[in-house]
Amino acid sequence: MPGLGKHRRPKQRPIARKLAFAGTGGAALALPLISATTAGAAVTQPAAAPAAKTVTLAAAKPAVEKAALPLSYSVTVGDTLSKIAAEHAVNGGWQALYEANRSAIGSNPSIIRPGLKLSIGAAAKAAAAKATGVKAAAAAVKPATTYANNLDGWIRQSLDIMARHGIPGSYNGIHRNVMRESSGNPMAINNWDSNAAAGIPSKGLLQVIDPTFRAYHVPGTSLDSYDPVANITAACNYAAARYGSIDNVNGAY
């Protein structure tokens with residue numbers, strides 16, 4: 001059977017062809033060819049970070065600024081120097097305000113007329129400084145010490161004078177010798193001893209003869225040998241020169 005002995009190319013079944021086509025087409029769709037240039041262009045690079053921006057902040061202003069003290073003020077009805085000084089914080093108070101405006105106000109600081117122009121700035125400040133200086137000077141001046149007009153006061157005053165002149169002596173040393181020599185009588189006088197016979201009687205609280213009183217008189221005291229302070233001070237000056245101190249005197253000297 002010659003017809004059966006020939007080899008014939010087998011035919012593909014339609015379904016097989018369709019599957020192969022579909023398979024080939026699927027591969028073409030699944031695996032597209034991409035060139036290197038295209039691939040590089042397809043990659044998205046991250047954007048560069050923006051440069052830092054410098055911001056300058058304005059300096060903060062204080063919430064409340066102290067108002068400058070005005071240079072002058074116009075008096076209104078009901079004003080007083082105390083009120084004006086307090087409201088405008090005048091250094092030195094109403095006294096400084098008055099001193100700065102004395103020529104305009106007059107001699108009575110309680111009377112200021114409406115419309116009067118007062119200086120409350122630099123002039124008031126200068127007046128306050130001047131007033132402060134005067135007060136400081138007054139405080140620096142030590143008030144004069146007062147002494148009782150009796151034996152205690154005379155001794156204390158003499159001791160202060162002696163201290164200024166470097167003359168030694170104590171309250172007890174002076175008091176002891178005064179009581180022995182005159183019993184505290186500043187007008188005591190000895191008219192019976194050798195000094196009296198020579199015409200130079202001993203006088204005063206510490207019984208000093210006139211030549212000795214004049215020789216040892218301390219400047220600033222009276223030239224009267226009966227003056228209690230002058231007598232004590234001269235006698236102590238003499239005792240210091242001869243005995244070292246009135247404290248070392250315990251009898252006639």
What donor-acceptor contacts under 3.5 angstrom involve side-chain atoms of residues 214-223, with partners at least two apart or in another chain?
{"residue": "His217", "atom": "NE2", "partner": "Thr221", "partner atom": "O", "Å": "3.0"}
{"residue": "His217", "atom": "NE2", "partner": "Thr221", "partner atom": "OG1", "Å": "3.1"}
{"residue": "His217", "atom": "NE2", "partner": "Ser222", "partner atom": "O", "Å": "3.0"}
{"residue": "Thr221", "atom": "OG1", "partner": "Val218", "partner atom": "O", "Å": "2.6"}
{"residue": "Ser222", "atom": "OG", "partner": "Asp224", "partner atom": "N", "Å": "3.0"}

Do the non-hydrogen side-chain atoms of [X] and [Y] ever get within less than 4.5 Å of each other?
| X | Y | result |
| --- | --- | --- |
| Lys117 | Tyr73 | no |
| Pro211 | Ile200 | yes |
| Ile161 | Val229 | yes |
| Met162 | Thr233 | yes |

Closest non-hydrogen atom pair, [X] against [Y]:
| X | Y | result |
| --- | --- | --- |
| Pro228 | Leu205 | CB-CD1, 3.6 Å |
| Ile167 | Ala240 | CG2-CB, 4.3 Å |
| Gly244 | Pro168 | O-CG, 3.3 Å |
| Ile105 | Asn108 | CG2-O, 3.6 Å |
| Asn177 | Asn250 | OD1-N, 4.3 Å |
| Tyr226 | Ala188 | CE2-O, 3.9 Å |

Exercise. Can you say whether the rings of Tyr253 and Tyr238 are parallel (under 30°), tilted (30 to 60°) or perpendicular (over 60°)?
Worked result: tilted
Exercise. Once the angle between the rings of Tyr98 and Trp94 is folded into 0 to 90°, is it parallel (under 30°), tilted (30 to 60°) or perpendicular (over 60°)?
Worked result: tilted
Exercise. Nearest 0.5 Å, what's the CD-OG1 distance between Glu87 and Thr80?
Worked result: 8.5 Å
Seminar exercise, completed: Distance col, row Leu151:CG vs Ile174:CD1, nearest 0.5 angstrom, shows 9.5 Å
For this session: Assess the side chains of Ser170 and Asp247: does a donor N or O sit below 3.5 Å from an acceptor N or O?
Result: yes
Exercise. Any Lys/Arg nitrogen of Arg156 or Asp152 sitting under 4.0 Å from an Asp/Glu carboxylate oxygen of the other?
Worked result: yes
Please answer whether the main-chain N or O of [Y] pairs with a side-chain N or O of [X] as donor and acceptor at a distance below 3.5 Å.
| X | Y | result |
| --- | --- | --- |
| Glu181 | Arg176 | no |
| Ser245 | Asn248 | no |
| Asp227 | Ala230 | yes |
| Thr212 | Val208 | no |
| Asn101 | Leu97 | yes |
| Asn231 | Leu206 | yes |
| Asn190 | Asp193 | yes |

Exercise. Just wondering, are more than 12 heavy atoms of other shown residues or ligands nearer than 6.0 Å to CZ in Arg180?
Worked result: yes
Exercise. Which ILVMFWY residues can you reach from Val77 by hopping between side chains whose heavy atoms are under 4.5 Å apart?
Worked result: none
Exercise. Are Tyr171 and Tyr147 in one and the same hydrophobic cluster, where Ile, Leu, Val, Met, Phe, Trp and Tyr link if side-chain heavy atoms are under 4.5 Å apart?
Worked result: no
Problem set entry | Chi angles and distances behind the side chain to side chain donor-acceptor pair (under 3.5 Å) call for Ser182, Asn185 | CA-CA 5 Å; Ser182 65; Asn185 177 12; over 6 Å; no
Problem set entry | Intermediate values then yes/no, side chain to side chain donor-acceptor pair (under 3.5 Å), Trp154 and Asn149 | CA-CA 7 Å; Trp154 301 330; Asn149 188 27; 3.1 Å; yes
